[in-house]
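Below is one structure, written out as structure tokens, with a few remarks after it.
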Amino acid sequence: MKEFTLSSSSQSNEQESEPTISDVAILKGLNEQQREAVSVTDGPLQIVAGAGSGKTRVLTFRIAYLLQQKKAWPNQILALTFTNKAASEMRERIKQMAGPSAEKIWMGTFHSIFARILRYEAKHLGYNSRFSIYDSDDSKRAIKLILQELNFDIKQIKPRTIQNKISSAKNELIDPDTFKAKFISSSIDDIVAAVYPIYLQRLKQSNAMDFDDLLIKPIELFEKNKEIREKYQDRFKYILIDEYQDTNHAQYVVTQLLAQKHKNICVVGDDAQSIYSFRGADISNILDFQNDYPKANRIPLEQNYRSTKNILRAADSIIKQNEKQLEKSLWTDNHDGEPITLLENLNERDEANRVARHIGMLRMNKGYRPSDIAILYRTNYQSRVFEDALRRKNVNYQLVGGVSFYQRKEVKDVLAYLKMMVNPQDEESLLRIINEPARGVGAKSLQTIIQESRRHERPVWETLQQIQNVDLYKPAKSAIADFVHIIKAAQEKLEEGDLKEAADFILNKTSYLTQLVEENTHESLGRRDNVLELLNAIKYFEKEHDDATLTDFLQEVSLVSDLDKMEAGKPAVTLMSIHASKGLEFPVVFITGLEEGLFPMKRQDDDVDIEEERRLFYVAITRAEKELFLSHAKSRYKFGEEKRMIISRFLDEIDPNVVRTETGASINQRKGGFGRDKSDNPFRDAFSDELKPENRSRWKKPGSSSSSSRSVEYDDQSVTAGDFQVGVKVFHEKFGKGKIIAKEGGQEKTKVTVFFQQAGQKKLLLRFAKLRIVS
DNA sequence: GTGCTCCATTTTTTT
DNA sequence: AATGGAGCAC
């Protein structure tokens, strides 16, 4: 285990070096509000930082100032940032101002900082310091297994739903008992109440923590153990929290706890940029802060240095439509700049091509570099077409987010092997690889093993060690004995200290790589390359860190965000979700997919938080420094089908005086605005296309000779697609009786939406569903 | 027990 | 379009 430098004030040698610049110099070059935000060091402070108001600068200077004024040693400062990358960039700048001791500042994301503390204190929580970190995929699988063990049908009860509910409960610090007492209002909550305690128990038994645990276990630790609490309360003389509007209740409580002794807590945020409510973030944290510290200083940063006036006007016209917001006025000395350009497209390919074309023009005519440009979208899957279009035009791009390297199956498999070396109790990892590559331990054997483990309430790993005593299919038994042997041998290998060698060792012994090579398909070789890349990453990690442990490596892998992997200086256009773009800025920004249902996003039977979507749009707009493009498409593929799209309400809300079409025309003059019938509820519209009369009428006459009712293959050849009309009652083998409520697509691809009395609403491909018409 | 084929579902956003 | 589960043949 790596050593932690927790002992205070003992290691402060380099502390004595003279400041490189004087504090006066530090305060120069800041505006008045910024200067105050930097120099009012003591007591609770809330900085309300509008977009582009130099917030990072203030935080950086503030920390440097604290060091220079000798208010604290570096290791007495805790700075919680939104990404690890933001932390390391800030650290670099502080180093330049205040010297190399900045290395010792506790700076990082909530998750990585608290993981570090938890590893150190693990034994007080009944964990050991080599605990695994479950990512959301691991958690979901664990929950799925529990649901299955409790005999729920995971087709009906989605593990994801349960997972989300448990996660919210955890972040609100609601334990299973409280949940059970308070939230048994719906049947789904009953299931959550049943799964929740088992899930916690499984985590503990696996010596594993999920992402939420990294935030709430410290609270448990501090509440349970006065000594430890005081140790950290003493230690952190100054606490700074960035992106405060996006912290959730657990994060609020844990920092509150830590700040109790010195009460030097500085939070920086902007309620207008709160975009993570789905993760439990709540504006009430800002209000709670004001309640907890009624006398807290409150400093607004209102001058925007980033954007042109036109861009700010656009942003302002959007955000003022929100009712819930704290009053503030953002202003700038910058020029008006170019008007905002509206791009109207036929479909998403047209959109991607047009954006690519504009990028070409921006480079040719205005001298922008690819790294100046970002393409933003609401959902990651939209990136595909842009990648294609840019590749065709030979424009370099970097994709941030989406399915990451570390989520690929083969990479997760190898990581699972590595986790087994470090923490064999880790049940998710064990179950993932016990039969990967296939070694004859099938579903049946596995079920027996799991049942046996549950019966004795012990980790599956322990059952495996005593596999002789389990009544099992013989070949499976010996396979398991081999498996246990390999893991143990690998653990010994790891003791020797070389991570890469230990990883090589286990992949050799399990023939994991050999298997991929032998398969010799295009995909399997791609997977092999990914595994090799992971091995390289281990090697690199060892080189970068003295005394690197496998636990450290695995933790880093679990907690790097996609954003951390983005390269700032790379000569490439950046593609990313709007969420990922928070905190960044680009001279040129394209905001794409401005259509109802997509942005603002609407999910089936789920109410939209329109104000949050609007804040998201606000965040997107305010990423732009000089030029902003807004783009929408009239139709778009969804689930392999073309959907008509309606222009986003956000484009109606934006100040029309700052927007022009591509030809330079004012959008004011266009008759009827964007041609949307505003009396209609746009959400209904976007999602009930298939219910529209003109779509239905195509199917009006059963058995007519129109092409759309051509016979497709069914069991009963006499039934044609035309017979399945909206309103017709049907029977499905599994779902039972139901009624068709919508129909879409054509010929082979005809789909019907059926409301089943038992199973609820389902969308079925007519060609496969074997529906029978009943009367 | 393995692997293939069929079918239903999926798409927010992230540590 | 892509993924993942269920069910079936070997």
Side-chain angles (χ1 to χ4, degrees), chain A residues 80-84 108-115 133-137 139 141 144 148 153-155 158-160 164 167 171 209-215 243 246-248 250-251 275-281 376-385 400-404 407 409 435 437-446 473 475-476 479 555 558-564 576-582 593 597-604 606 608-609 612-613 615-616 619-620 636-641 643 732-735 749 751 759 761-770:
Chain A
L80 297 162
T81 58
F82 193 65
T83 63
N84 288 305
T109 60
F110 272 91
H111 290 85
S112 50
I113 293 283
F114 287 115
I133 296 173
Y134 278 5
D135 64 17
S136 18
D137 188 49
S139 305
R141 291 167 66 124
K144 187 172 130 204
Q148 284 169 329
D153 178 7
I154 56 159
K155 275 264 151 106
K158 294 206 200 92
R160 219 346 231 295
N164 286 338
S167 176
N171 280 307
M209 298 204 194
D210 66 14
F211 283 142
D212 303 321
D213 284 333
L214 298 180
L215 305 176
E243 305 287 6
D246 286 325
T247 55
N248 62 33
Q251 291 168 317
I275 55 174
Y276 279 97
S277 72
F278 68 93
R279 210 165 70 182
L376 307 182
Y377 34 76
R378 181 59 178 71
T379 64
N380 282 307
Y381 77 81
Q382 290 169 256
S383 70
R384 274 286 276 266
V385 268
V400 180
V403 176
S404 102
Q407 287 169 344
K409 182 187 178 302
N435 201 32
R439 48 171 73 86
V441 186
K444 204 58 187 280
S445 308
L446 208 49
Y473 181 59
Q555 169 161 326
S558 308
L559 298 182
V560 280
S561 69
D562 293 311
L563 223 48
D564 291 327
M576 64 174 126
S577 73
I578 298 168
H579 281 88
S581 76
K582 190 176 70 159
L598 182 61
F599 194 15
M601 164 67 63
K602 160 89 172 107
R603 218 171 73 162
Q604 272 170 340
D606 197 23
V608 202
D609 183 347
E612 172 139 324
E613 293 291 319
R615 290 192 295 271
L616 195 54
V619 167
R636 185 177 291 278
Y637 270 86
K638 197 188 179 191
F639 304 146
E641 268 179 75
K643 277 267 185 216
H732 183 277
E733 291 216 0
K734 211 154 75 197
F735 302 138
K749 286 185 176 174
K751 284 182 188 172
Q761 191 170 314
K762 302 278 173 193
K763 203 186 237 186
L764 306 166
L765 201 52
L766 208 47
R767 192 154 71 91
F768 291 127
K770 294 182 185 152

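Letters A, B, ... mirror the listed sequences (proteins, then strands); counts begin at 1.
Of the two residues near DNA chain B, Lys158(A) and Gly402(A), the one whose nearest nucleotide lies more 5' is Lys158(A). With the nearest nucleotide of DNA chain B identified for both Tyr381(A) and Gln407(A), Tyr381(A) has the one nearer the 5' end.
Judged as a ring-ring contact (aromatic ring centres under 6.0 Å, His included), and not counting sequence neighbours, the contacts of Phe599(A) are Phe617(A), Phe650(A). Not counting sequence neighbours, Ser577(A) has no partner by the side chain to side chain donor-acceptor pair (under 3.5 Å) test. Annotation: side chain to side chain donor-acceptor pair (under 3.5 Å) contacts of Thr379(A) (sequence neighbours excluded): Gln382(A). Contacts of Arg141(A) classified as salt bridge (Lys or Arg N to Asp or Glu O under 4.0 Å), with partners at least two apart in sequence or in another chain: Glu428(A). Here Phe82(A) pairs with Tyr276(A) under the ring-ring contact (aromatic ring centres under 6.0 Å, His included) rule; sequence neighbours left out. Shown here are the salt bridge (Lys or Arg N to Asp or Glu O under 4.0 Å) partners of Asp213(A), two or more places apart in sequence or in another chain: Lys170(A). Asp135(A) pairs by the side-chain contact (heavy atoms from CB on, under 4.5 Å) definition with Asp137(A), Asp138(A), Phe211(A), Lys412(A), not counting sequence neighbours. Shown here are the salt bridge (Lys or Arg N to Asp or Glu O under 4.0 Å) partners of Lys582(A), two or more places apart in sequence or in another chain: Glu243(A), Asp246(A). The salt bridge (Lys or Arg N to Asp or Glu O under 4.0 Å) test applied to Arg378(A) returns Glu613(A), not counting sequence neighbours.
Between Ser112(A) and the phosphate of dT15(B), there is no side-chain N or O to OP1/OP2 separation shorter than 4.0 Å. In this structure, Asn248(A) does not reach the dT15(B) phosphate: none of its side-chain N or O atoms is under 4.0 Å from OP1 or OP2. Residue Arg603(A) has a polar side-chain atom (N or O) positioned under 4.0 Å from OP1 or OP2 of dT12(B). Distances shorter than 4.0 Å separate none of the side-chain N or O atoms of Arg141(A) from OP1 or OP2 on dG5(C).
One distance of note links CG of Asn171(A) with OG1 of Thr247(A); it measures 11.0 Å at 0.5 Å rounding. Considering CG of Asp210(A) and CG of Leu215(A), their distance stands at 9.0 Å, rounded to 0.5 Å.
For the pair Gln251(A) CD and dT14(B) P, the computed distance is 16 Å after rounding to whole Å. For Glu243(A) and dT15(B), the CD to P distance is 13 Å, given to the nearest whole Å. The CD-P distance, from Glu613(A) to dT13(B), rounds to 11 Å in whole Å. Remark: P of dT10(B) and CZ of Arg160(A) are 9 Å apart, rounded to the nearest angstrom.
Within 4.0 Å of Asn380(A), counting heavy atoms only, lie sugar-phosphate atoms of the nucleic acid but no base atom. Counting non-hydrogen atoms under 4.0 angstrom, Arg636(A) reaches nothing in the nucleic acid.
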Between protein and nucleic acid, restricted to nucleotides 8-10 of chain C and to nitrogen or oxygen atoms under 3.5 Å apart, what atom pairs and distances do you find?
none

Pairwise N/O distances under 3.5 Å, protein to nucleotides 2-4 of chain C:
unit_1	atom_1	unit_2	atom_2	d
dA2(C)	OP1	Arg384(A)	NH2	3.2

Table of protein N/O atoms under 3.5 Å from nucleotides 1-3 of chain B N/O atoms:
unit_1	atom_1	unit_2	atom_2	d
dG1(B)	OP1	Ser445(A)	OG	2.8
dG1(B)	OP2	Lys444(A)	N	3.4
dT2(B)	OP1	Gly440(A)	N	2.9
dT2(B)	OP2	Asn435(A)	ND2	3.1

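With centres under 5.5 Å and a plane angle under 30° as the test, the ring of Phe278(A) is not stacked against the base of dT14(B). With centroids closer than 5.5 Å and planes inclined by less than 30 degrees as the test, Tyr276(A) and the base of dT14(B) fail to qualify as a stacked pair.
Although no hydrogens or angles enter the test, the distance criterion places a donor-acceptor pair under 3.5 Å between the side chain of Ser581(A) and the main chain of Ile578(A).
Here the nucleotide nearest the side chain of Thr109(A), chosen from dT15(B), dT14(B), dA1(C), is dT15(B). You'll find that the side chain of Ile154(A) is closest to dA6(C), out of dT13(B), dA6(C), dT15(B). Among the nucleotides dT15(B), dT13(B), dT11(B), the one closest to the side chain of His111(A) is dT15(B).
Rounded to whole Å, the P atom of dG4(C) lies 16 Å from the corresponding atom of dT13(B).
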